[in-house]
Structures are given as structure tokens and as C-alpha cells.
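First the proteins, then the strands, lettered A, B, ... as listed; each starts at 1.
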Protein chains: 2
Amino acid sequence: MRNPSPGRTGRPRSAAADAAILAATRDALVELGWSKLTMGDVSARAGVAKTTLYRRWAGKSELVVDAVAELFDSLELPDRGSLEADIEYVVLRFAELLRRPEARTALMAVVSESTRDEALRDRIRSAIVDRQKRLVVLGRERAQARGELPYEEDEFLASRTTDLIFDVIAGTVVHRALVSSEPVDELWVATFTALLMHGLRGPAAA
Amino acid sequence: MRNPSPGRTGRPRSAAADAAILAATRDALVELGWSKLTMGDVSARAGVAKTTLYRRWAGKSELVVDAVAELFDSLELPDRGSLEADIEYVVLRFAELLRRPEARTALMAVVSESTRDEALRDRIRSAIVDRQKRLVVLGRERAQARGELPYEEDEFLASRTTDLIFDVIAGTVVHRALVSSEPVDELWVATFTALLMHGLRGPAAA
DNA sequence: GCTTTTACGCTACGAGCCGTAGCGTAACTC
DNA sequence: GAGTTACGCTACGGCTCGTAGCGTAAAAGC
């Protein structure tokens, strides 16, 4: 989805077409999965010419990243009163998202494609990863305000910690749900959260 | 890779062909990546007819799972003297494996395919996941013998804990390496291991 | 109004891969 | 030897790819 500079002449791109294409992409992911999804199929579902898709997206990967990114944007982190509750909440929400077939099949596929495509890697980072990292930052700030976690002076160290927490939470949940294919239920979440809480507070105690 | 019952009549399958095909598959993954790898290309590289591939593997996914599983089997866990050192060692080794292009591109791709294919899920589980879980079991037993971790009476709880540790380690490292695409260097590993150590010993301290 | 510019829909195309069928030959068991 | 299974090879219809070409639609500037 390239953004043609908005102060331009000529016929503008149809925003309705964008929405229809992304929705059609998600529908196709649900019905066909990543590997059987084709550009032609999506264009037909969206009621749009195939050439229009190629005018906006370089290929399947880019299209799917944008279609799935909209799903992940729905994640929120209301204040549940404690760090523990906040973590449990976001893990359950994330797992819920990963139960949706379009998210399951697409997420790993685009990550796989991105291993050989730096532009795609950047797109995933800006469209999905970095946007979700905000949840970790928010949860951490709240916990620090509550006195549950220590403030970290060094900004560099703080950002490293944020990245670590993000990778631990997102990575563990994805692995549990998609690789081990075991349920992310409340019991598991409680155990995982307990481990994480001890891990985060451990250094403070030392 | 179907195993025709070994006490059978007729011409046996060529073991050399198997090895050549799996090696050719890994070569093709390095050069082409998952999405551009084709069965025809692999058969040509292996010096084998395309039909032979289809006689042994149902498709690309199954073939690649077997080809990559051999890579993961190379992971070992020598006794480094402490739980901490054992964890750091295996994490670094695992990350090293994930730096290989054939592993990077294939692992996520087959997981993605497996979200719509239960047979493939089982194949991944038995060929890769379950086999690597042995490392966690081994490391845990050693740590318990050293007195670093408590023995868990309940067998059911013990297996839950094993699964959790496995998901945390494998998931976090994969996420760091492939999604965040940040280096898994010694500094990061030390920080991650510290978090994990506190997480594992936390409940014991309580 | 008119021109310019860009987006859109449609058709058609060569190229590549898919997965299978058919057939003759090779290798092993009894 | 006979029976059985694996292999190599060729050929095929069917699908998807990504692009080119062309006429039309919708905006901005005059």
C-alpha cells in the first residue's frame, strides 16, 4: 500500500477499494490459507481488477501484512490494577487473536518470507511489531508508577529490557499456540505470568 | 518419507536417493528460499525423477520438514556445570542454527502451513518439536541433581513445566531472531538467561 | 467548458509449476 | 526363473503468475 503524495493531480485512489481488498484478503486467508491464496482470487472477491492489486502492492506478502496488521491493531491494554493482571490480560487477548485462522496462517508465513526480503522485514516491523511494542511500554510504565517495577535510569538499558519482555511474551505465546499447538488457557497463562513476574522482579530483589 | 515395512518383497527404496533429496532440498532452500523452492527443482538437483519425490513425500511441506529436522537433530547439550551455563549454551546453539538460511526460511513456513493441516502438525511435532524437548528434560534433570531446581512430585505438573520452559526458550529465541530480527548475542543471552533463572527459582524461594 | 494527469477495468499473453498417468526398465525376494 | 516393487522418463491439462495494451473514469488546473 503505497501512499501517493496526497497533493497530487489526477484521479485519486479509491479508499473503498483498499478496504474491500484488505477485507477480501482476510476472507481468503480464512477459506484458503496462505499457500492457496492467490492474487486473482482476492481481486475477484473484492470486485476489483487484478491489475489494481499489483498497482498498490508488490505481491502477496505485502498485501497480507497490511491485511493482518489491521487485526493486531485491535489489541488494547486497559489498566487491570496490577502488573500481573495486565500481563495475563494481554496474553489472553493475544492468544485469542492467534486463534483466528487468518492470523495463524498469515503471521508465520510472512515472517518466513521476510527472512529473504529486507523490505518485507521492515514492513512487518513498522506495521505489526513496533506497533504492538507500545503495549509493553505502557504496561511497564504503569507498573513503575505502581512501584511494582524499578525505574531504569539508562535509556539504552530500558529499551533493551522492553525488547526482551516483548520477545518473551509474544514469542512464548506464539510458540505455545502455533508450534506446540497447545491451548493458551487461563491455567497456562497464570503459570507463565508467574514465571515472568519472578523473572522481572528477581533482579530487583538482588 | 513413508517407511515401507522392511520385510517386503520387490526392489527396495534407495537410501542414497533419500539422502540426496534431503540434501538437495536444503541447498534449494538456501538458494531459493521456501516460496521459490519447487519439487521439480529439487528433483533435478538430487539427480532423481520428479515422480520419485512424489512417491515418498506428499508435497513440499512434508519434504521440507524432514530436510530441516535433520538440522535440528544436531543440537546437543553437554554438561556445562550449572543450569545457567546449560541454558546459555543451548540458546546460543539454537540461535546459531537459526542463522542458517535454510532453517530460517523453512521453520516458519512449515509452521504456517501446519495451521491448516493436522497431519503436517503431527509430523512437525514428532520430527522436530518433541525431539528437541529432550534437551529441556535433560537440562532440568541435571539441575535437579545439582540441587538448582526442586524435584516436582506430580508427574503431570512436571510435564507442564517442561512444556512451559520449552515454549519460553524456543519461542523467545525464535521471536528475537526472526520477528524482531535482532542479534542473539552473548549479552542478550545473559540477560534472557538471568530472567529465566529468576523465573524458575522464584516459586522455590516462595 | 477543456486539457492534463492519474486510476481503473478488461483482455490477452508467455512462462512456470503443479500433480498424475503411462510405460519400459532395474533391483530385490523366493 | 517368477513375482513384486522402485525408478526414470515423457507428456499432459490445469492453474497462477506478473505484465502489456487499451479504452474509460475521476480528479486538478486553467
Side-chain angles (χ1 to χ4, degrees), chain A residues 1-25 28-29 31-64 66 105 109-110 113 116-117 119-120, chain B residues 1-25 28-29 31-64 66 105 109-110 113 116-117 119-120:
Chain A
M1 206 152 54
R2 297 267 158 265
N3 256 12
S5 7
R8 212 169 72 283
T9 172
R11 176 177 176 175
R13 287 193 171 167
S14 160
D18 264 12
I21 291 169
L22 292 175
T25 303
L29 281 172
E31 285 181 33
L32 307 172
W34 162 268
S35 58
K36 293 185 181 172
L37 176 146
T38 70
M39 298 293 270
D41 185 283
V42 170
S43 71
R45 283 171 196 263
V48 161
K50 192 173 61 162
T51 44
T52 297
L53 262 72
Y54 282 105
R55 286 189 187 105
R56 305 187 186 199
W57 288 276
K60 189 167 148 173
S61 304
E62 289 78 6
L63 172 61
V64 169
D66 288 355
T105 190
V110 294
E113 290 303 307
R116 321 201 93 239
D117 183 342
L120 184 60
Chain B
M1 208 152 50
R2 299 268 157 264
N3 256 12
S5 5
R8 213 166 73 280
T9 170
R11 175 177 178 176
R13 287 194 171 168
S14 160
D18 264 11
I21 291 169
L22 293 176
T25 303
L29 281 173
E31 286 181 32
L32 307 172
W34 161 267
S35 58
K36 292 185 181 172
L37 178 146
T38 70
M39 298 293 271
D41 185 282
V42 170
S43 72
R45 282 171 196 264
V48 160
K50 193 172 61 162
T51 44
T52 298
L53 262 71
Y54 281 105
R55 286 190 187 104
R56 305 188 186 198
W57 288 277
K60 187 167 149 173
S61 304
E62 289 77 6
L63 172 61
V64 169
D66 288 355
T105 190
V110 295
E113 290 304 306
R116 322 200 94 241
D117 183 342
L120 184 60

Query raised in the report: Considering residues at least two apart in sequence or located in another chain, which fulfil the salt bridge (Lys or Arg N to Asp or Glu O under 4.0 Å) criterion with B/Arg45?
Result: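 By the salt bridge (Lys or Arg N to Asp or Glu O under 4.0 Å) rule, B/Arg45 matches B/Glu31, B/Asp41.
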**Report entry** Presence of B/Ser14 side-chain N/O under 4.0 Å of D/dA6 phosphate oxygens OP1/OP2
**Finding:**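 For D/dA6, neither OP1 nor OP2 has a side-chain N or O of B/Ser14 closer than 4.0 Å.
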Query raised in the report: How does protein contact run along nucleotides 13-24 of chain C, one letter per nucleotide 5' to 3', with B for base contact, S for sugar-phosphate only, - for none, heavy atoms under 4.0 Å?
Result: ----SBBBB---
Side chains of [X] and [Y]: closer than 4.5 Å at any heavy-atom pair?
X: A/Asp18; Y: A/Arg13; value: no
X: B/Glu62; Y: B/Asp117; value: yes
X: B/Trp57; Y: B/Val64; value: no

Report task. Would you indicate which nucleotide in D/dA25, D/dG3, D/dA6 comes nearest to any side-chain atom of B/Thr9? Result ->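 Side chain of B/Thr9 sits closest to D/dG3.
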**Report entry** Of the listed nucleotides D/dT5, D/dG8, C/dG9, the one nearest the side chain of B/Arg11
**Finding:**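 Comparing D/dT5, D/dG8, C/dG9 against the side chain of B/Arg11, the answer is D/dT5.
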Rounded to whole Å, please give me the gap between [atom1] in [X] and [atom2] in [N].
X: A/Arg13; N: C/dT5; atom1: CZ; atom2: P; answer: 18 Å
X: A/Ile21; N: C/dG9; atom1: CD1; atom2: C1'; answer: 12 Å
X: B/Leu53; N: D/dA6; atom1: CG; atom2: P; answer: 15 Å

Query raised in the report: Nearest 0.5 Å, what's the CG-NZ distance between A/Leu53 and A/Lys60?
Result: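 Rounded to the nearest 0.5 Å, the CG-NZ separation comes to 12.5 Å.
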Query raised in the report: If you measure from OG1 on B/Thr25 to CG on B/Asp66, what distance do you get to the nearest 0.5 Å?
Result: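 Spacing of OG1 (B/Thr25) from CG (B/Asp66) equals 9.0 Å.
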